[in-house]
Amino acid sequence: MAKRVATHRLEFEPAAIYEYPEHLRQYLADLPNLPGVYIFHGESEVMPLYIGKSVNIRSRVMSHFRTPAEAKMLRQTKHISWVTTAGELGALLLEAQMIKNQQPLFNKRLRKNRQLCSLWLNDQRPAVVYAKELDFSSSPNLFGLFAHRRAAQDTLKKIADEQQLCYGVLGLESVGAHRACFRASLGRCAGACCGKESLEAHHQRLLAALDRLRVVCWPYDGAIGLVEQGPMETQIHIIHSWFWLGSVTEIADAPTLVRTPKGFDSDGYKILCRPVLSGKYPIIPLPTL
C-alpha cells in the first residue's frame with residue numbers, strides 16, 4: 001500500500017508532468033547574450049506572467065526551460081520579449097520599475113509601502129519615523145528601512161540584546177527613574193537605567209551598533225547622470241534623491257527626464273546607494289527643473 005501511495009504522489013511532482021515548451025522554441029534563436037530584462041507574456045498584454053533580469057538574457061531564459069518547477073508558467077506563456085541594457089545596473093533598475101508598474105502574476109509583488117519607516121536617533125532615544133512624513137533622502141540620523149513599525153522595534157530589540165542596552169532607556173518599556181530594569185537583574189542590560197553605565201557610554205554603543213544601518217542622505221544638490229558603459233551600448237541613468245527617473249543614451253536628452261521626485265523609493269535606494277557612492281561609474285551633475 002505504501003508503495004502505491006508514493007507512485008501516486010510522483011505523478012503530481014513537477015518533474016513528472018514537465019514537458020518541454022515546444023511552442024516557445026521560435027523565440028529562443030534571437031535571444032541576445034547581453035544584459036537586460038526579459039518578459040514572459042501570457043494571454044494578457046497588460047499583465048505579463050513574469051519579468052526577470054540578467055547579465056545574459058539568453059542564458060537566463062534558457063535556464064527557465066530546464067526548470068520543471070516552472071512548468072505551469074511555461075505552459076501559460078504565449079511569447080517572450082526582452083529589452084537590453086548597458087549592464088547589470090540598468091537591468092536591475094528597469095526590472096524593479098516594470099514589476100511595480102505591471103505586477104506580473106509569477107513575480108513577488110512590489111508595491112509602494114505606505115508604512116515605510118526608519119529609526120531616527122534624536123538625542124539619546126531612537127524614535128520610529130515614517131517616510132510619508134519625513135524626506136528620508138535628505139534627513140540625517142536615520143537608521144534602517146522597515147516595512148512597518150514592529151519590524152523597526154524588533155531590530156532595535158535585537159541590537160539591545162546583542163549590546164546589553166537598556167530597553168527602558170531606549171523607550172521600549174517603562175522603567176522607574178534610577179531603578180534597575182528587569183533585564184539588568186538578569187545581566188542582559190549593562191545598567192544605564194540604574195547608573196552602572198553612563199548614558200553617554202550607552203548612547204555611543206547604540207550609535208556604533210546602528211551605524212551599519214545608516215540611511216545615506218542624497219549626496220548631490222540635484223539630479224545626476226550616472227554613466228554605465230556596456231559591451232554594446234552606453235546608458236546614462238538619470239537619478240535624483242535615490243529615484244531612477246529613466247535612462248538616455250545622450251546627455252543632451254537628459255533634461256526631458258530631470259524633475260524633483262515625490263516621496264522616497266526604498267527599492268531605488270537599495271539598488272543605487274552602492275553604485276552612486278562607489279566611484280565606479282562616472283557621474284554628471286544635472287540641473288533640476
Side-chain angles (χ1 to χ4, degrees), residues 36-37 51 53 83 85-103 109-122 126-149 151-152 210 213-230 233-289:
V37 171
I51 295 173
K53 57 91 181 60
V83 180
T85 60
E88 183 178 17
L89 180 58
L92 282 166
L93 293 167
L94 182 58
E95 179 200 38
Q97 183 189 73
M98 291 179 68
I99 291 175
K100 279 183 180 178
N101 291 342
Q102 300 183 44
Q103 298 291 305
R109 299 300 175 94
L110 296 177
R111 292 190 171 92
K112 185 175 181 180
N113 180 10
R114 299 185 182 281
Q115 296 299 313
L116 180 69
C117 58
S118 184
L119 291 168
W120 178 47
L121 196 54
N122 178 30
V128 177
V129 292
Y130 293 88
K132 62 184 179 182
E133 301 167 346
L134 191 67
D135 183 1
F136 281 12
S137 67
S138 61
S139 300
N141 300 322
L142 294 179
F143 301 90
L145 296 171
F146 307 99
H148 45 73
R149 182 182 186 87
L210 282 173
L213 300 176
R214 184 182 295 275
V215 178
V216 180
C217 292
W218 178 242
Y220 295 92
D221 292 334
I224 63 167
L226 183 150
V227 183
E228 183 178 25
Q229 296 178 333
E233 62 181 298
T234 296
Q235 287 183 302
I236 303 172
H237 305 302
I238 310 305
I239 307 162
H240 189 5
S241 300
W242 305 119
F243 269 85
W244 176 58
L245 302 176
S247 300
V248 295
T249 56
E250 300 289 341
I251 194 63
D253 298 326
T256 62
L257 293 177
V258 175
R259 64 184 185 277
T260 302
K262 296 180 180 179
F264 181 81
D265 181 11
S266 60
D267 295 312
Y269 174 84
K270 292 171 185 176
I271 293 172
L272 289 166
C273 188
R274 187 181 296 273
V276 168
L277 299 177
S278 67
K280 175 182 176 181
Y281 300 93
I283 300 292
I284 306 172
L286 301 170
T288 302
L289 299 181

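Heavy-atom basis, side chains included; hydrogens, waters and symmetry copies ignored.
Of all heavy-atom pairs between A254 and I238, the closest is CB-CD1, 3.7 Å. Contact detail for S138 and P140: the closest heavy-atom pair is O-CD, 3.6 Å. The shortest heavy-atom contact between S266 and L116 is CB-CD2, 3.9 Å. In terms of heavy atoms, L145 sits closest to F136 at CD2-CD2, 3.7 Å. A91 and V37 make their closest contact through O-CG2, 3.6 Å (heavy atoms, listed as atom of the first residue, atom of the second, distance). Minimum interatomic distance between C117 and R149 (heavy atoms only, all atoms of both residues): SG-N, 3.8 Å.
Between atom CG of residue L245 and atom CZ of residue R259 there is a gap of 5.0 Å, rounded to the nearest 0.5 Å. Note: R214 CZ to N141 CG = 6.0 Å, rounded to the nearest 0.5 Å. Note that OG of S137 and CG of D265 are 11.0 Å apart. Values are rounded to the nearest 0.5 Å. With rounding to the nearest 0.5 Å, the separation of OG in S118 from CZ in F143 is 8.0 Å. In this structure, CD on E88 lies 7.0 Å from NZ on K53, to the nearest 0.5 angstrom. Going from atom NE2 of H237 over to atom CD1 of I283 covers 10.0 Å, rounded to the nearest 0.5 Å.
The shortest distance between side-chain heavy atoms of W244 and I271 does not fall below 4.5 Å. H240 has its side chain out of reach of Y220: every pair of non-hydrogen atoms, C-beta onward, lies at least 4.5 Å apart. D221 has its side chain out of reach of P285: every pair of non-hydrogen atoms, C-beta onward, lies at least 4.5 Å apart. Taking the side chain as every heavy atom from C-beta outward, L272 and L89 approach each other to under 4.5 Å. In this structure, L142 and L134 have side chains that are in contact, with non-hydrogen atoms separated by less than 4.5 Å.
For the pairing with I224, the side chain to side chain contact (heavy atoms under 4.5 Å, CB included) check across V258, L286, I239, I236 returns one residue only, I239.
More than 12 heavy-atom neighbours from other residues, nucleotides or ligands sit within 6.0 angstrom of CD on E133. At most 12 heavy atoms of other shown residues, nucleotides or ligands fall within 6.0 angstrom of atom CH2 in W120. For Q97, the CD atom is densely surrounded, since the number of other residues' heavy atoms within 6.0 Å is greater than 12.
Using a distance-only test at 3.5 Å, with no hydrogens or angles considered, a donor-acceptor pair links the side chain of Q235 to the main chain of A86.
A perpendicular orientation is assigned to the rings of Y269 and W242, their planes being inclined by more than 60° (bins at 30° and 60°).
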